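Beneath this line is the structure, given in structure tokens, with notes to follow.
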Amino acid sequence: MARFPDPGVAVTARDLLRQAREGLSQTELGHRTGVTQAALSRYLSGQREPTFVELQRIIGGSDYRLCLSLRPEKHEEDPVVALMRQNSTTYRARDLALSRRLPHVLNPAGGRLPASEPDGPRIDEALLALYELEDLRSAAGGPWRRLQENWDRYRSERDRDLIHDIGAVGSGAGQAAAITAHYIDERAPLQHERQRRRKADNDLPRFERLVWAHLVCCLRAEAAICLERASWMHQAMTLSEGRRRAQDHLERARWAESDLDRAEDREAVAQAKAALARAEKACAAWSQHGAGRNVGKAGEGYLAVELEQLAQRAQGLYEQLAAQPAFAAWRAEHAPEDPLYDCWLDGALRDAFTPPEQFSDCHAFADMQFLLGRARQDRLSEAAWAARLEEEGAMALFSTVERRVVDQVQQHWDITLIAPDPETDARSRRQDDLLVAAVQAGESGPGSVYLLAENARGPEAVNAIGSAPGTLSSIALALQRR
């Protein structure tokens, strides 16, 4: 919550009643609760404050319930929370998992967003959202704290694996909560100003459009992070089940060999041992600290359920805050610049764990590929591409266009395959080392670039590109599902 809860921006009965009344007329709500329409009108306009009993009765007649609880909390601010607040003035995401799920315009390298239209919710309206953000952030830290306690007590390597796996959970909610609290604290009117000027509610500051978009996209990222980590837990349990089945098969084969002692039974035992070795190797590959034997047996099932519930909460809060007109206005402005991110928010790519990576231009794409060494396994291939790029420029990467498609705002994009070696026929290459990119085709030359797929095979990629509808989002979706 805000560092110094200010009555000028506190949650009022009017705020709660307005939210609870959603979808109900004053007459209908009054009929349900026995409160006159005139009294309800005064409560909703803020002319009169209901008693707590009246507030409970009115909200009880709606589709909401009023929950109130007290918890011990010292007035002094926790040092960790204080550090978060000091660092919350930057809009640059420190966590890599969160950074990958934010568009560049909302994740500036310098940490500061440019000025934008102050058409978001008022700071008193946003305070309701802040309480929910803080609650979500606290809940998201629960799994990590329990795993850390287990590690401190039992020193299980698998617990250390899981701590590493879910380290990013809560980063989106924490970023959104810290930014919201700082914004409210910074702009809340001072007490003596309120007494002197008696500001009306409409005079209270509003959130800037880009700041509100940053908060909303952090929540969308939080939901995606939780779902991705839950899928990792399911994968670990699947591998563990495969290992168990392989172990059972080996025991049955050994029993048959000891009972009958036939050549085919001895061969079956050898095959079962090989299958078990493969299953154990797969489990070991899913562990970073040599805890392969415990993969799938260290509470991954409980973690998966908890992470899925956190994802549902984050997604629900995202949808609630995204309903603000300021976010719709930002999306309308941003969609032409980053159409696949717009599709990832709630469009065709909404089930993907991360949005496709976008680069500002062809040169940034080429530089990033060499920096990360993607799809270039040997130095000879890298040297060959470097020579080609020096001679022909960055567009040499995109010389083979497979298909031209449009996005949701009717901009044209060229889909191309990129092989590790410039002399290789990417279409027929069966090794899984191809890149698939989309280049914006404009009258003034190529624009931004999307990396749609890595480690692709030529025939599979060509089939996915050719069989999908002629839209950029459809191509991206088909490549993800290949």
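Worth saying up front: this structure is predicted, and the values here are computed from it rather than measured.
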### Message
Tell me whether T424 contacts the main-chain N or O of A426 through its side chain, where contact means a donor paired with an acceptor under 3.5 Å.
### Response
no
Query raised in the report: Can a cation-pi geometry be assigned to R403 and W413, taking NZ or CZ under 6.0 Å from the six-membered ring centre and within 45° of the ring axis?
Result: no
Q. Can you tell if the side chain of S171 reaches within under 4.5 Å of the side chain of I225, non-hydrogen atoms only?
A. yes
Quiz item: Would you call the rings of W344 and Y341 parallel, tilted or perpendicular if under 30° counts as parallel and over 60° as perpendicular?
Solution: tilted
Measure up the F365 and F398 rings against each other and bin them: parallel (under 30°), tilted (30 to 60°), perpendicular (over 60°). tilted
Discussion item. Run D159 and R155 through salt bridge (Lys or Arg N to Asp or Glu O under 4.0 Å) and show every step you take.
Written reply: CA-CA 8 Å; D159 285 334; R155 296 291 170 174; over 6 Å; no
Counting only N and O atoms by type, is there a donor-acceptor contact under 3.5 Å from the side chain of S231 to the main-chain atoms of E228? yes
Test your reading of the model: is there a side-chain donor-acceptor pair from T180 to the backbone of A176, 3.5 Å cut-off? yes
Worksheet item: Does V211 reach the side chain of L113, with side-chain heavy atoms less than 4.5 Å apart?
Response: yes
Distance-only, no hydrogens or angles: does the S258 side chain make a donor-acceptor pair with backbone N or O of R254 under 3.5 Å? yes
* Side chains of S448 and S360: does their closest heavy-atom pair fall under 4.5 Å? -> no
### Query
Any donor-acceptor pair under 3.5 Å linking the side chain of N294 with the backbone of A298?
no
For I475 and I465 the tightest heavy-atom approach is CD1-O, 3.3 Å
Step through the shown structure and confirm whether more than 12 heavy atoms of other residues, nucleotides or ligands are within 6.0 Å of NE2 on H164. no
Check your understanding: Between R160 and E157, is a salt bridge (Lys or Arg N to Asp or Glu O under 4.0 Å) present by the stated rule, with each step listed?
Key -> CA-CA 5 Å; R160 186 160 62 155; E157 296 295 341; 2.6 Å; yes
Heavy-atom closest pair (V436 atom, A456 atom, distance to 0.1 Å) is CG2-CB, 4.2 Å
Distance col, row K281:NZ vs L276:CG, nearest 0.5 angstrom, shows 13.5 Å
Taking E402 first and then R427, would you say they form a salt bridge - that is, a charged N and a carboxylate O separated by under 4.0 Å? yes
query = Would W144 and V169 satisfy side-chain contact (heavy atoms from CB on, under 4.5 Å), going step by step from the backbone distance to the final call?
reply = CA-CA 8 Å; W144 187 91; V169 172; over 6 Å; no
CZ of R331 to CG of D338, rounded to nearest 0.5 Å, is 11.5 Å
The reported gap from CD1 in I166 to CZ in R146 (rounded to nearest 0.5 angstrom) is 8.5 Å
Does some side-chain heavy atom of E308 sit less than 4.5 Å from a side-chain heavy atom of C226?
no
- Message: Using side-chain contact (heavy atoms from CB on, under 4.5 Å), reason through M233 and L307 one step at a time and then give a plain yes or no.
- Response: CA-CA 9 Å; M233 303 301 114; L307 291 172; 4.3 Å; yes
CD1 of I179 to CG of L130, rounded to nearest 0.5 Å, is 12.0 Å
Do H104 and E337 have side-chain atoms, one donor and one acceptor, less than 3.5 Å apart? no
Any donor-acceptor pair under 3.5 Å from S138 side chain to D135 backbone
no
Exercise. Would you say S62 and I59 make side-chain contact, with heavy atoms under 4.5 Å?
Worked result: yes
Dump the intermediate steps for side-chain contact (heavy atoms from CB on, under 4.5 Å) on L340 and S473, then the final yes or no. CA-CA 6 Å; L340 288 189; S473 60; 4.3 Å; yes
In this structure, NE2 of H182 is separated from CD1 of I184 (nearest 0.5 Å) by 11.5 Å
Here the pair of heavy atoms bringing D414 nearest to A441 is OD2-CB, 3.8 Å
Looking at A173, is its backbone amide N or carbonyl O close enough to the side chain of E222 to form a donor-acceptor pair, meaning the two atoms are under 3.5 Å apart? yes
* Asked: Heavy atoms, side chains only, cut-off 4.5 Å: are L321 and F327 in contact?
  -> no
Heavy-atom side-chain proximity of Q288 to D165 below 4.5 angstrom:
yes
For Q175 and H214, does a side-chain donor sit closer than 3.5 Å to a side-chain acceptor? yes
Which of D432, D425, D433 passes salt bridge (charged side-chain N to carboxylate O under 4.0 Å, His left out) with R429? Answer is D433
Q.
Between the side chains of R137 and E134, is the shortest nitrogen-to-carboxylate-oxygen separation below 4.0 Å, so that they form an ion pair?
A. yes
Taken to the nearest 0.5 Å, the spacing of D351 CG from L227 CG works out to 9.0 Å
Dump the intermediate steps for side-chain contact (heavy atoms from CB on, under 4.5 Å) on Q411 and V406, then the final yes or no.
CA-CA 5 Å; Q411 297 176 130; V406 297; over 6 Å; no
*Would a line drawn from the ring center of Y450 to the ring center of F359 be shorter than 6.0 Å?*
no
**Report entry** Ion pair R220/E319, N-O distance below 4.0 Å
**Finding:** no
Evaluate D95 against R101 for salt bridge (Lys or Arg N to Asp or Glu O under 4.0 Å), listing each step before the verdict. CA-CA 10 Å; D95 188 275; R101 292 167 174 84; over 6 Å; no
**Study point:** Electrostatic pair R158-E300, nearest N-O below 4.0 angstrom
**Key:** yes
Minimal heavy-atom distance between P446 and V439, with the atoms involved, is CB-CG1, 3.8 Å
Is any side-chain N of the basic residue among R243 and D248 closer than 4.0 Å to the acidic one's carboxylate O?
no
What one should report as the nearest heavy-atom pair of W232 and W286 is O-NE1, 3.5 Å
inquiry  = R244 vs E241, test: salt bridge (Lys or Arg N to Asp or Glu O under 4.0 Å). Steps then yes/no.
reply    = CA-CA 5 Å; R244 186 193 63 78; E241 179 62 20; 2.4 Å; yes
Quiz item: Are the side chain of Q408 and the backbone of P339 linked by a donor-acceptor contact shorter than 3.5 Å?
Solution: yes
H234 atom NE2: more than 12 heavy-atom contacts under 6.0 Å:
yes
#### Entry: Short side-chain to backbone donor-acceptor contact, S287 and A284, under 3.5 Å
no
Heavy-atom nearest pair, A335 first then D342, reads CB-CG, 4.0 Å
Quiz item: Are any of the side-chain heavy atoms of R350 and Q315 separated by less than 4.5 Å?
Solution: no
